[in-house]
Student: 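Before I ask anything, here is the structure I am working with.
Chain naming here is simple, since letters A, B, ... match the order of the sequence lines and numbering starts at 1 in each.
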Amino acid sequence: MAHGYPFDPALDACALARALVGAHLTVRGTGGMIIETEAYARDDPASHSHHGPTSRNRSMFGPPGHAYVYRSYGIHLCLNVVGRPGEAVLIRALAPDTGMELMRQRRPAGPLCAGPGRLCQALDVQMTDDGRPFDGDALVVMARTGAPPGILTGPRIGLSRATDRLWRFGLAGMPGLSRAFPKQ
DNA sequence: CTTACGATTCCCT
DNA sequence: GGGAATCGTAAGC
């Protein structure tokens with residue numbers, strides 16, 4: 001049952017990153033509520049898109065509402081939601097609630113979805129998901145309902161450039177964040 | 001062609 | 001808290 005991609009394609013990366021906090025993500029039947037995101041923009045020294053399109057980052061310049069999946073440190077995969085051209089939002093942590101048993105099989109020990117590499121392992125995200133739409137088929141994202149939650153902000157994790165941009169967003173009061181946020 | 005370096009995680013001390 | 005694992009990418013020569 002496809003329900004389509006719920007977000008305005010015109011949202012800038014930070015607005016999309018904020019909108020995704022509290023949204024719900026499912027990949028082929030496993031997932032949970034998104035509790036931590038990071039925004040990456042076109043004119044952003046820390047973004048893969050900073051030097052323009054390449055074979056690796058081509059999905060970042062593709063249609064909004066599609067996935068950008070890349071390999072990190074030769075080991076892990078990371079999942080992004082593509083926004084405007086050259087912009088994307090990294091999904092950094094979930095509060096897992098769907099397909100718990102399957103996710104625990106894939107990650108028998110340790111945190112299930114706290115960290116971009118861990119959640120990709122728990123959800124069995126593949127490189128073949130790169131460029132795939134969040135259209136409600138294999139990849140499902142549902143906007144949050146109700147009042148806007150308290151959203152924490154902080155510098156993005158693991159970057160050496162553009163550390164002054166507070167483009168990391170988290171759901172206040174949630175356990176399972178990949179790291180603590182600075183005092184607001 | 002060569003090389004340096006990550007949008008990380010895990011295990012050790 | 002610190003370092004190793006591990007490999008694709010892209011900048012540099």
Side-chain angles (χ1 to χ4, degrees), chain A residues 11-21 23 25 27 30 32 34-62 64-96 103-132 134 139 141 151-171 175-182:
Chain A
L11 290 179
D12 65 70
C14 285
L16 180 58
R18 286 179 173 277
L20 280 166
V21 171
L25 170 70
V27 176
T30 54
I34 297 170
I35 60 173
E36 185 182 341
T37 62
E38 280 178 3
Y40 290 87
R42 177 72 177 80
D43 181 21
D44 176 1
S47 174
H48 292 170
S49 62
H50 184 233
H51 295 288
T54 67
S55 59
R56 178 204 202 189
N57 68 18
R58 69 191 181 286
S59 294
M60 283 189 81
F61 294 89
H66 286 228
Y68 167 45
V69 178
Y70 69 91
R71 188 175 301 279
S72 177
Y73 288 86
I75 307 171
H76 311 284
L77 295 184
C78 292
L79 173 66
N80 296 253
V81 178
V82 175
R84 306 190 306 188
E87 303 191 354
V89 174
L90 173 67
I91 309 299
R92 286 194 56 89
L94 304 181
M103 289 191 284
R104 186 51 79 188
Q105 280 178 27
R106 294 164 183 159
R107 282 189 55 79
L112 220 43
C113 294
R118 289 170 176 157
L119 76 87
C120 281
Q121 189 183 2
L123 304 199
D124 194 33
V125 172
Q126 306 281 328
M127 272 311 296
T128 51
D129 290 316
D130 185 42
R132 187 167 283 174
F134 285 89
L139 309 183
V141 60
I151 294 184
L152 309 171
T153 63
R156 294 172 290 182
I157 302 295
L159 302 187
S160 54
R161 288 168 296 194
T163 53
D164 56 319
R165 302 190 188 198
L166 303 184
W167 284 7
R168 175 179 175 232
F169 305 98
L171 194 50
L177 296 172
S178 68
R179 292 174 61 168
F181 276 77

Student: Between B:dG6 atom P and A:H50 atom NE2, what is the distance in whole Å?
Tutor: 14 Å
Student: For A:R179 and C:dG1, what is the distance between atoms CZ and P respectively, to the nearest whole Å?
Tutor: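 Those two atoms, CZ and P, are 10 Å apart.
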Student: Given B:dA7, C:dA10, B:dC10, identify the nucleotide with an atom nearest to the side chain of A:N80.
Tutor: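 Nearest to the side-chain atoms of A:N80, counting from C-beta on, is B:dA7.
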Student: For A:D130 and C:dG8, what is the distance between atoms CG and P respectively, to the nearest whole Å?
Tutor: 15 Å
Student: Examine B:dA7: is either OP1 or OP2 under 4.0 Å from a nitrogen or oxygen in the side chain of A:R71? Give yes or no.
Tutor: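 Result: no.
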Student: How far apart are the closest heavy atoms of A:F61 and A:P85, and which atoms are they?
Tutor: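 For A:F61 and A:P85, the tightest heavy-atom pair comes out as CD2-C, 4.4 Å.
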Student: What's the CZ-P distance between A:R58 and C:dG8, to the nearest Å?
Tutor: 15 Å
Student: Counting only side-chain N and O atoms of A:H76, is one of them less than 4.0 Å from OP1 or OP2 of B:dT9?
Tutor: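 No, outside the criterion.
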Student: Say you pick atom C1' in B:dC5 and the same atom in C:dG3; how far apart are they, in whole Å?
Tutor: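 Straight-line distance between the two C1' atoms is 16 Å.
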Student: Within this structure, what is the CG-to-P distance between A:L159 and B:dC5, rounded to whole angstrom?
Tutor: 16 Å
Student: Under 4.0 Å between a side-chain N or O of A:R165 and OP1 or OP2 of B:dA7?
Tutor: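 Looking at the OP1 and OP2 atoms of B:dA7, neither is under 4.0 Å from any side-chain N or O of A:R165.
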Student: Check whether any side-chain heavy atom of A:N80 sits under 4.5 Å from a side-chain heavy atom of A:H48, and report yes or no.
Tutor: no
Student: Using the P atom as the point on both nucleotides, what is the distance between B:dA7 and C:dG12, in whole Å?
Tutor: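 Here C:dG12 and B:dA7 have their P atoms 16 Å from each other.
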Student: In the strands shown, is B:dC12 matched to any nucleotide by a Watson-Crick or G-U wobble pair with both distances under 3.5 Å, and which?
Tutor: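 With both distances under 3.5 Å, B:dC12 matches C:dG1.
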Student: Base, sugar-phosphate, or nothing: which does A:R168 touch, judged by heavy atoms less than 4.0 Å apart?
Tutor: nothing
Student: With a non-hydrogen cut-off below 4.0 angstrom, is A:A88 in contact with a base, only sugar-phosphate, or nothing?
Tutor: nothing
Student: Whether the side chain of A:T37 engages the backbone of A:V21 through a donor-acceptor N/O pair (distance < 3.5 Å, no angle test) should be reported.
Tutor: no
Student: Expressed in angstrom and rounded to an integer, what is the separation of A:F169 atom CZ from B:dA7 atom C1'?
Tutor: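 It works out to 14 Å between those atoms.
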Student: Between A:N57 (CG) and B:dG6 (P), how many Å, whole number?
Tutor: 16 Å
Student: Heavy atoms only, 4.0 Å cut-off, all strands: where does A:I75 land among base, sugar-phosphate and nothing?
Tutor: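 Base, at least one base heavy atom under 4.0 Å.
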Student: Using a 3.5 Å distance criterion without hydrogens, assess whether the side chain of A:T163 forms a donor-acceptor pair with backbone atoms of A:S160.
Tutor: no
Student: Closest nucleotide of DNA chain B for A:Q121 versus for A:Y40: which of these residues is on the 5' side?
Tutor: A:Y40
Student: Rounding to the closest angstrom, what is the interatomic distance between B:dT8 and C:dA11 at atom C1'?
Tutor: 22 Å
Student: Within less than 4.0 Å of OP1 or OP2 of C:dA10, is there a side-chain N or O belonging to A:T54?
Tutor: yes
Student: If B:dG6 has a Watson-Crick or G-U wobble mate with both distances under 3.5 Å, name it; if not, just say none.
Tutor: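 Pairing partner, where one exists within any strand: C:dC7.
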Student: What about A:Y70, does its side chain sit under 3.5 Å from the base of B:dA7 through a donor-acceptor pair?
Tutor: yes
Student: Between A:N57 and A:S49, do the side chains contain an N or O donor and an N or O acceptor separated by less than 3.5 Å?
Tutor: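 Per modelled atom types, A:N57 and A:S49 side chains form no pair under 3.5 Å.
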Student: Check every strand shown and say whether A:H51 touches a base, only sugar-phosphate, or nothing at a heavy-atom separation below 4.0 Å.
Tutor: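 Sugar-phosphate: the residue A:H51, judged by heavy atoms under 4.0 Å, touches backbone atoms but no base.
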Student: Looking only at heavy atoms, which two atoms of A:A122 and A:M103 are closest? And how far apart?
Tutor: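 Smallest heavy-atom distance, with atoms named: O-CG, 3.3 Å.
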Student: Over how many whole Å does the gap from A:M127 atom CE to C:dC7 atom P extend?
Tutor: 15 Å
Student: Give A:R156 one of three labels, base, sugar-phosphate or nothing, depending on what nucleic acid heavy atoms sit under 4.0 Å from its own.
Tutor: nothing
Student: Does A:G74 or A:R118 map to a spot on DNA chain B nearer the 5' end, using the closest nucleotide for each?
Tutor: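 Counting from the 5' end, the first nearest nucleotide belongs to A:G74.
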